[in-house]
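Residue numbers start from 1 in every chain, and the chains themselves are labelled A, B, ... in the order their sequence lines are given, proteins ahead of strands. These values consider heavy atoms only, across backbone and side chains, with no hydrogens, waters or symmetry-generated copies.
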Protein chains: 2
Amino acid sequence: MASSYGQFCPVAKAMELLDERWTMLVVREMIAGSQHFNDIRRGVPNMSPTLLSKRLRTLGRAGVVERWEHGNRVTYQLTQAGRELVPIVEALGQWGIRWIGELGEEDLDPHLLMWDLRRNIAVDRMPPGRTVIGFTFPDLEPAARDWWAVVTDEVDICDHDPGFEVHVRVLAPLRTMVQVWRGDIGWADATRSGDLVVEGPSRLRSALPEWFLLSDFAATPRPGPEAVTSISVGG
Amino acid sequence: MASSYGQFCPVAKAMELLDERWTMLVVREMIAGSQHFNDIRRGVPNMSPTLLSKRLRTLGRAGVVERWEHGNRVTYQLTQAGRELVPIVEALGQWGIRWIGELGEEDLDPHLLMWDLRRNIAVDRMPPGRTVIGFTFPDLEPAARDWWAVVTDEVDICDHDPGFEVHVRVLAPLRTMVQVWRGDIGWADATRSGDLVVEGPSRLRSALPEWFLLSDFAATPRPGPEAVTSISVGG
DNA sequence: CAGTATCCAGTTGGATACTG
DNA sequence: CAGTATCCAACTGGATACTG
């Protein structure tokens, strides 16, 4: 673990635990509902399993996470201390979406986007039976370009053609789709500018925006342009 | 700077900046009012000046801090983005004081304690004229044992005898004094147990507790014992 | 599924001394 | 006062492969 700051300040003591790389993202992932090792991994795909294991143990020692074994299934759960991180993670996300606007190319991960979408499709607003939504990111290499959301009473995400008829298709550069998801730009604006195109029967085309619940942070009010001094974390 | 997490999630983007070691403590120090390089340093004494310089530049690039030169004096100020970290730092401190109870020996820094006290003595509740409060931490080596707070209309902290008559003296192990400051234990409890002793005229002895404004986090309600699973961040 | 084992490159940041 | 310069040990964590 990170070495001590040598301060009794509660902020310092909290950060000794929480400012270790990946830690807050693991907590975020657990807040989002992941309870199993490989579920959490899906939310932090760039983290090695060794490191995730280590972080979970550190969080366990700190009393933030509890590990339960039942049979040969392992479950991780937030303790009371962990649940009290919810408002902090929310505040960090709100701050992040207000003040860190720039996304690098390396931030645009289609797996993560689809993983997020999966949890946020309003199944109950969709037609009964099976609906297949196609996603195409024309700017990506062929292997990552096409995705399918097969919606029944649950949502399955496929990165290979599941073979079903596609009822409606969304086409947009990955960056645009991510920005729509984050609420950086509105669905209507993206459509109007031509960056985002929906193909399919007009009834589905007009219904589709209602199916997507955007990121929890999408509705966060953004700072007016007068408040922006500079936003650049690169370099 | 820390490498990217490769995620567009606003929490991840925020943490790319904020989870770098020392960063939040620099922000905390600026929230507490420090505006000059060496003032900030006093709040993060274990941080090398090189590193502080680097962090201030990173925070500058990120639009959290602004650097002003006037004459040969340099001032650092929080921007709007920086001021919006205030609730996050407060929440982190509240979480820290609730859930990270253990303080290691290395966390007990008398300089930091006196530096904190300096900012939190209620001068207006004290007798007019000069009042000198002595502090003795009997458990410390002689060089760090005795401190003086010379209160006039402002507060001066001395680690060498300033030569004035001491009107009232507080004696306590450093850990006890820190715990009182943090609100982990009450002044009255510390006195009753004999860990903390006040010497001087009875009028001053009984007035003295009113002079100390404790840490901003002292009043944070603590979790009931039933909520505590384990608290240990050690290695 | 739920992790461990191993290895090593790269980076961080601590220590110390120095400068305009 | 407000930083820079330099050096290097230690540690982190990324990559990859493997296991019960």
Side-chain angles (χ1 to χ4, degrees), chain A residues 1-7 12 15-26 29-30 33-61 65-77 106-107 109 233-235, chain B residues 1-7 12 15-26 29-30 33-61 65-77 106-107 109 233-235:
Chain A
M1 57 165 298
S3 59
S4 163
Y5 283 119
Q7 300 199 183
M15 290 314 279
E16 283 180 16
L17 175 71
L18 300 176
D19 72 4
E20 278 196 298
R21 190 164 157 76
W22 291 108
T23 297
M24 280 305 234
L25 303 195
V26 172
E29 206 46 35
M30 295 188 66
S34 297
Q35 302 210 338
H36 303 291
F37 194 85
N38 285 328
D39 287 346
I40 298 170
R41 278 201 73 187
R42 235 167 307 228
V44 284
N46 293 333
M47 190 181 192
S48 78
T50 310
L51 192 53
L52 174 56
S53 173
K54 186 178 170 189
R55 287 290 183 274
L56 285 170
R57 251 179 285 123
T58 301
L59 287 169
R61 261 187 282 116
V65 163
E66 266 173 335
R67 183 181 189 277
W68 298 93
E69 295 189 34
H70 19 70
N72 54 359
R73 187 89 168 139
V74 177
T75 300
Y76 293 93
Q77 283 191 301
E106 69 281 6
D107 296 327
D109 180 334
V233 185
Chain B
M1 58 163 297
S3 60
S4 162
Y5 283 120
Q7 301 198 181
M15 290 314 280
E16 283 179 16
L17 174 71
L18 301 175
D19 71 5
E20 279 196 298
R21 188 164 159 76
W22 293 109
T23 297
M24 279 305 235
L25 302 195
V26 172
E29 205 47 34
M30 296 189 67
S34 298
Q35 302 210 334
H36 304 291
F37 194 86
N38 285 328
D39 287 346
I40 299 171
R41 277 200 76 187
R42 236 167 307 228
V44 284
N46 293 333
M47 188 180 192
S48 79
T50 310
L51 191 53
L52 174 56
S53 172
K54 186 177 168 187
R55 286 289 183 276
L56 285 170
R57 251 179 286 123
T58 301
L59 287 168
R61 261 186 283 115
V65 163
E66 265 173 336
R67 183 182 189 277
W68 298 94
E69 296 189 33
H70 20 68
N72 54 359
R73 187 89 168 137
V74 177
T75 301
Y76 292 94
Q77 283 192 302
E106 69 280 6
D107 297 327
D109 181 334
V233 186

Side-chain N or O of B/R21 versus OP1/OP2 of C/dT11: is the shortest distance under 4.0 Å?
no
So which nucleotide from C/dG14, C/dT12, C/dA15 ends up closest to the side chain of B/T50?
C/dA15
Would you tell me if any nitrogen or oxygen in the side chain of A/S53 comes within less than 4.0 Å of OP1 or OP2 on C/dA2?
no
Would you say A/R57 places a side-chain N or O within less than 4.0 Å of OP1 or OP2 belonging to C/dT4?
yes
Does a side-chain N or O from A/R73 land closer than 4.0 Å to OP1 or OP2 of C/dA2, or not?
yes
How would you list, by chain and number, every residue that makes a salt bridge (Lys or Arg N to Asp or Glu O under 4.0 Å) with A/R73, sequence neighbours excluded?
none
Using a cut-off of less than 4.0 Å, is there contact between a side-chain N or O of A/Y76 and OP1 or OP2 of C/dG3?
yes
Are the side chains of B/R41 and B/S34 in contact, using a 4.5 Å heavy-atom criterion?
no
Separation of C/dG14 atom P from B/L25 atom CG, nearest Å, is 11 Å
Distance in angstrom units between B/Q35 CD and D/dA2 P, rounded
11 Å
Quick one: is A/N72 getting a side-chain N or O under 4.0 Å of the C/dC1 phosphate, OP1 or OP2?
no
Heavy atoms, side chains only, cut-off 4.5 Å: are B/R21 and A/Y5 in contact?
yes
Which of these nucleotides, D/dG3, C/dG3, C/dA2, is closest to any side-chain atom of A/H36?
C/dA2
Out of C/dA15, D/dC1, D/dG13, whichever nucleotide has its closest atom nearest the side chain of B/S48
C/dA15
What does A/R55 touch in the nucleic acid at a heavy-atom separation under 4.0 angstrom: a base, only the sugar-phosphate, or nothing?
sugar-phosphate
In dot-bracket form, 5' to 3', how is DNA chain D paired? Count Watson-Crick and G-U wobble pairs only if both distances fall under 3.5 Å, and write | where the partner sits on another strand.
||||||||||||||||||||
Candidate nucleotides C/dG3, C/dT12, C/dT4, ranked by approach to the side chain of B/K54 - the nearest
C/dT12
Side chains of A/R67 and A/V74 in contact at under 4.5 Å (non-hydrogen atoms):
yes
With a cut-off of less than 4.0 Å, is there a side-chain N or O of B/W22 near OP1 or OP2 of C/dT12?
no
Under 4.5 Å between any side-chain heavy atoms of B/W22 and B/N46, yes or no?
yes
Taking only the side-chain nitrogens and oxygens of A/R42, find out if one of them lies under 4.0 Å from OP1 or OP2 of C/dA2.
no
Compare all side-chain heavy atoms of B/E20 with those of B/T58 and state whether any distance is below 4.5 angstrom.
yes
Taking salt bridge (Lys or Arg N to Asp or Glu O under 4.0 Å) as the test, write out the residues that go with A/R57, two or more places apart.
none
